[in-house]
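Here the structure is laid out as structure tokens; the discussion comes afterwards.
Chain letters run A, B, ... following the sequence lines, proteins first and then strands; every chain starts at 1. From a predicted model like this one, the values you see are computed outputs, not experimental measurements.
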Amino acid sequence: MLDKLGMYLQYPFVRYALIVGVLIALCSSLLGVTLVLKRFSFIGDGLSHVAFGAMAIAAVLNLTNDMLLVLPVTIISAVLLLRTGQNAKIKGDAAIAMISVGALAFGYLMMNIFSTSSNLSGDVCSTLFGSTSILTLTEREVWLCTVLSIAVVLIFLLFYNKIFAVTFDENFSKAAGTNANGYNLLIAIVIAVIIVLAMNLVGSLLISALVIFPALSAMRLFRNFKSVTICSAVLSVICAFSGIIVSILAGTPVGSTIVAVDVAAFAVCCIAGVITGGIRK
Amino acid sequence: MALLTIQDLSLGYDSVAFVENLNFSVNTGDYLCIVGENGSGKTTLMKTLLHLQEPVSGQILMGDGLKQNEIGYLPQQTIVQKDFPASVGEIVLSGCQGRCGIRPFYNKAEKHLAETNMNRMGVLPLKDRCYRELSGGQQQRVLLARALCATQKVLLLDEPVAGLDPKVTSEMYDLIEGLNQEGITIIMISHDLAAAIRYASHILHIGASVFYGTREEYLESDVGKFFLMRQKGG
Ligand SMILES: Nc1ncnc2c1ncn2[C@@H]1O[C@H](COP(=O)(O)OP(=O)(O)O)[C@@H](O)[C@H]1O
Ligand SMILES: [Mg+2]
């Protein structure tokens, strides 16, 4: 089996897939804790549907570089969703449900009416579930993913203390003179970038899993923010790496294999959490 | 000039005022208790003083060289905090965020300040414990230590003893009184009129009728007598 793996690793596209997969998993896990705690998990879900809609439009318009459309549209939606989430009058979750389902339906409609592809359901399926697209990444896409991932990690490291403060207690932060709304905006933009990146890896329906599972798993095991963040990053990277390897060896779809590994890791962490918690008490 | 001067302040949401024309001032070293019925606008007043929301009209002036980021705040507990995986040390240190400004990391002096304040509030031994696993009284001490990291001058406390048992409540009041004697100005919202009368130097009563004055004046006033009687009765 190791021979087979060694043989696969000779191919550049397999190496690209591994690099990109690990980077994306790292990024998506970092903000997971914040999203879960701010009750923002559903925003990730909504945004991924928006990204799907944007991708459908890009496909119809025959854009060569669909990122140019998908990224800005997703970022703008993230900012808008965050705004409505803060507004007490419009129910945030209702707005998100509306936008996400609308974008999903609209995207599929566009693809159905205008697509020239002979394999329509295959196209849709791969945008939703991520299919094999990660194995067909071009060198330019790999670079783009790498640059964006590094930017996300740097932003997270630089603003780690502020993100913690704003997530834990927004009112206290504002009272202490921290620009909490500014940091919320930053968080929204970074989430949007992560979602667009992660779409390449697992497809738009499975993104939330990539964002949320490592954070939830880590929260079973650790009880301070720093350890939870580090643990969820490590878990996410390990799961993505092993998921990609398994999918190459077993020929399973990349996205769902990674998510399956994440779910398994969550189960293990739950059990470990119960055992260590039992010892502590 | 007073530390805080409130002029013709009207409070409310969406420019509908439900408390109108508040006028009072807070001097350095005062212990002001804000009392009133549930829903009378005490929290709203505090949020307005902190500039978390806009006043409907009127002004809040700051004197004695007080800056906006030199106010310590102990909020009513929010839901997010209940299952947040954060250690006591991390939370208290986040009180230094105002000093830190846009600098991304806390420096030695700020970490030292956090330790000092944990010690002051008696929670230093809990430094590595998880916040959500502490008792209610311990949690309030942690938040008080965090507020102290933000200020040397004035603390705004929103119902600091809500949900605490009588023994822990009186410990908390003693702690706050101690801070006041060290020269920190206290502005505290309280449900508990008996405690307000016992500890406060000044009382602000908001609601259908508004009263501001010293504790002695409040006890003599009609609003005070009436409210006191009602609380004793029910
Ligand atoms: N975000 C909000 N939007 C609109 N009205 C609010 C909001 N928060 C509180 N209120 C209303 O403002 C009034 C005062 O609330 P509050 O200041 O919390 O009272 P207290 O702290 O004295 O119990 C209440 O009638 C409440 O219903
Ligand atoms: Mg209140």
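Within the 4.5 angstrom heavy-atom criterion, atoms from both the backbone and the side chain of Ala86(B) approach chain A. Contacts between Lys67(B) and chain A at a heavy-atom distance below 4.5 Å are absent for every atom of the residue. Using a 4.5 Å cut-off between heavy atoms, Leu156(B) does not touch chain A at all. The part of Tyr160(A) that comes within reach of chain B is its side chain, from C-beta onward, which places non-hydrogen atoms under 4.5 angstrom from that chain.
Taking NZ of Lys162(A) as the reference point, atom CD of Gln97(B) lies at 7.0 Å (rounded to 0.5 Å). Ser94(B) contributes atom OG, which lies 11.0 Å from atom CZ of Phe225(A) (distance to the nearest 0.5 angstrom).
Heavy atoms only, all atoms of each residue included: Pro104(B) and Asn161(A) are closest at O-ND2, 3.1 Å. Between Phe172(A) and Ala147(B), the shortest heavy-atom distance links the atoms CE1-CA, 4.1 Å. Leu50(B) approaches Ala175(A) most closely through the heavy-atom pair CD2-CB, 3.7 Å. Residues Asn171(A) and Leu52(B) share a closest heavy-atom pair of O-CD2, 3.6 Å. Of all heavy-atom pairs between Met219(A) and Arg132(B), the closest is O-NH2, 4.2 Å.
Across Gly177(A), Ala176(A), Ser227(A), the residue that shares the most heavy-atom pairs under 4.5 angstrom with chain B is Ala176(A). Most heavy-atom pairs under 4.5 Å with chain B: of the set Ala165(A), Ser173(A), Ala218(A), Ala180(A), this distinction falls to Ser173(A).
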Open item on the list: Under the criterion side-chain contact (heavy atoms from CB on, under 4.5 Å), I'd like the reasoning laid out for Phe168(A) against Arg146(B): C-alpha separation, chi angles, the key distance, then a yes or no.
Closed with: CA-CA 12 Å; Phe168(A) 181 66; Arg146(B) 177 183 68 166; 3.6 Å; yes
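At a threshold of 4.0 Å, the pair Lys226(A)-Glu90(B) does not count as salt-bridged, since none of the basic side-chain nitrogens sits closer than that to a carboxylate oxygen.
In this structure, Glu54(B) places its CD atom where only 12 or fewer heavy-atom neighbours from other residues, nucleotides or ligands lie under 6.0 Å away. For Ile102(B), the CD1 atom counts as loosely surrounded, since its 6.0 Å shell holds 12 or fewer non-hydrogen atoms of other residues, nucleotides or ligands. Atom CZ of Phe24(B) sits in a crowded spot, with more than 12 heavy atoms from other residues, nucleotides or ligands closer than 6.0 Å.
Using a 4.5 Å heavy-atom threshold, the side chains of Pro75(B) and Asp169(A) count as touching.
Note: Phe164(A) and Phe84(B) meet the aromatic proximity criterion, with ring centroids under 6.0 Å apart.
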